[in-house]
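Note that the numbering runs from 1 along the sequence shown for the chain. What you see below is based on every heavy atom in this structure, not just the backbone, and it leaves out hydrogens, waters and symmetry mates. Keep in mind it's a predicted model, so treat the numbers as computed, not measured. Both ligands and their constituent atoms are indexed starting at 1 by order of listing.
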Amino acid sequence: MTRPSRVVIDKQALKHNLQRVRELAPNSKIMAIIKADAYGHGLVRVANTLSDADAFGVACLEEAEQLRAASITTPIVLLEGPHKAVELISIVQLQLEIVIHNAFQLEILEQTTLEKPLQVWVKIDTGMHRLGFPLDNIRDILKRVADCKNIKSSFRLMTHLATANEQNNPLTQIQLENFKQVCDGFDVEKTIANSAAVIGFPETHADWNRPGLMLYGVSPIADRHAHELNLKPVMTLESELISIQNLKKGEPVGYGATWRCPEDMPVGVVAAGYGDGFPRHAKSGTPVLVNDVRCSLIGRASMDMLTIDLRNQPQAKVGDRVVLWGESLPVEEIAQYADTIPYELLCGVHKRLEFIEHG
Ligand SMILES: *Cc1c(COP(=O)(O)O)cnc(C)c1O
């Protein structure tokens, strides 16, 4: 690849962050969430690096197939469960565990004959109203689960929190109370916490936790920085300057001529753009590092290029390194400038980029 843009993955940082989850919740097993190509970091790469995880959580069968094809033997949980009855064949073959969250999934388990019972995680909708069995007839559902010959008697109970990234939203306590009532009388393993709850709500730490974002070194909580939580960013998106223009006061930069030079100044062109997953909606002023010095994006992001105010780096030359996010430039900050969340930026890095591993 001749284009000087790449994604650098720091495997030591990934291991460090898993260790941080263990420190924060020492009595809980870890289902490392690696859906969406491990939040853009590379599914198999991340699974191999996080070999100490107790299980992996993925979104779909294709992701689980990739992991098994790469000889990964760790338990794998299909977080959305089967969408069709035929998937049960592969689920048994690949020895997957499944979440079930609706009546259809319970029915297909009741109506087939499997060689061996499956490990099933029964997801309860305690208030987020996305996936999960509703509370009103949950006792009947759990009785059917317990009676189903294709479900191991050691089934597990699960819920997901809608507002764990906020410290004071009353919904979290309502959801926890609902879950507690559902679990009452069931001596089975349970799981509640995503990253935000692992960090912000120790009372949610159950037999299992399900961290995703924090494993990648990113804070799930708006006003808490990753470094203060001792999380290390795993992904660095970097490129190089491929051109420098010395422009005069008043001259415009980029598509739409939306930005004009306030004085005579150097402007750098970076070889990365929205075609690589950099957000087109990043505003002028979005920070970038040129030779480790903070500069800022100016004008609109193009498909393959960005334009940068180089007044903080007047000596910069073609070929100099530019960091768009990662070490010393949290992706959380870029997300704010682009009116989005770090999850979306990480998942959005394009596979056309070269990926390099460190550590
Ligand atoms: C994605 C996901 C998680 C992980 O969430 P983070 O905020 O990335 O920690 C946990 N549980 C379920 C069910 C998920 O879908």
Side-chain angles (χ1 to χ4, degrees), residues 14 17-18 20-22 24-25 28-41 43 46-47 50 53-61 63-64 75-83 96-102 105 119-133 156-167 169 171-172 175-176 179 189-202 204-222 224 226 229 231 233-235 330-332 335 340-348:
L14 199 51
N17 297 330
L18 183 69
R20 274 300 286 153
V21 178
R22 293 234 186 262
L24 288 164
S28 305
K29 285 179 272 192
I30 299 176
M31 185 196 301
I33 303 299
I34 58 173
K35 64 197 181 198
D37 201 27
Y39 294 43
H41 293 66
L43 182 69
V46 167
L50 297 183
D54 302 293
F56 292 121
V58 299
C60 59
L61 197 51
E63 292 175 332
I76 299 173
V77 183
L78 278 189
L79 292 172
E80 293 168 18
H83 305 295
L96 307 180
E97 305 184 4
I98 57 173
V99 170
I100 63 168
H101 54 79
N102 65 25
Q105 292 173 323
Q119 180 59 262
V120 168
W121 302 66
V122 183
K123 189 165 187 177
I124 319 289
D125 177 13
T126 55
M128 178 162 177
H129 303 323
R130 191 179 58 176
L131 293 186
F133 289 97
R156 295 168 180 166
L157 293 172
M158 165 177 176
T159 195
H160 193 57
L161 300 174
T163 58
N165 60 331
E166 300 169 37
Q167 208 49 327
N169 195 311
L171 181 56
T172 301
Q175 287 198 264
L176 292 179
F179 191 58
E189 294 188 355
K190 301 167 190 84
T191 175
I192 306 170
N194 58 2
S195 298
V198 167
I199 294 166
F201 293 91
T204 64
H205 300 175
D207 302 279
W208 291 81
N209 290 334
R210 307 187 310 273
L213 192 70
M214 67 186 298
L215 293 173
Y216 309 100
V218 177
S219 171
I221 301 171
R224 300 195 62 188
L229 298 167
L231 297 172
V234 175
M235 179 194 289
V331 67
E332 295 90 313
T340 183
I341 53 175
Y343 297 82
E344 189 183 24
L345 297 185
L346 295 177
C347 291

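- For Glu189, the salt bridge (charged side-chain N to carboxylate O under 4.0 Å, His left out) partners at least two apart in sequence or on another chain are Lys29, Arg156.
- For ligand 1, the 4.0 Å heavy-atom shell takes in Ile33, Lys35, Tyr39, Lys123, Met158, His160, Asn194, Ser195, Arg210, Pro211, Gly212, Leu213, Tyr343, ordered by chain and residue number.
- Residues passing the side chain to side chain contact (heavy atoms under 4.5 Å, CB included) test with Ala36 are Cys347, sequence neighbours excluded.
- The structure places CG of Leu346 at 9.5 Å from OH of Tyr39, a figure rounded to the nearest 0.5 Å.
- Side-chain contact of His160 with Arg210: a donor-acceptor pair under 3.5 Å is present, judged by distance alone.
- The structure places OG of Ser219 at 5.0 Å from CG of Leu229, a figure rounded to the nearest 0.5 Å.
- Pro82 pairs by the side chain to side chain contact (heavy atoms under 4.5 Å, CB included) definition with Glu87, Leu88, Ile91, Ile98, Gln105, Ile108, not counting sequence neighbours.
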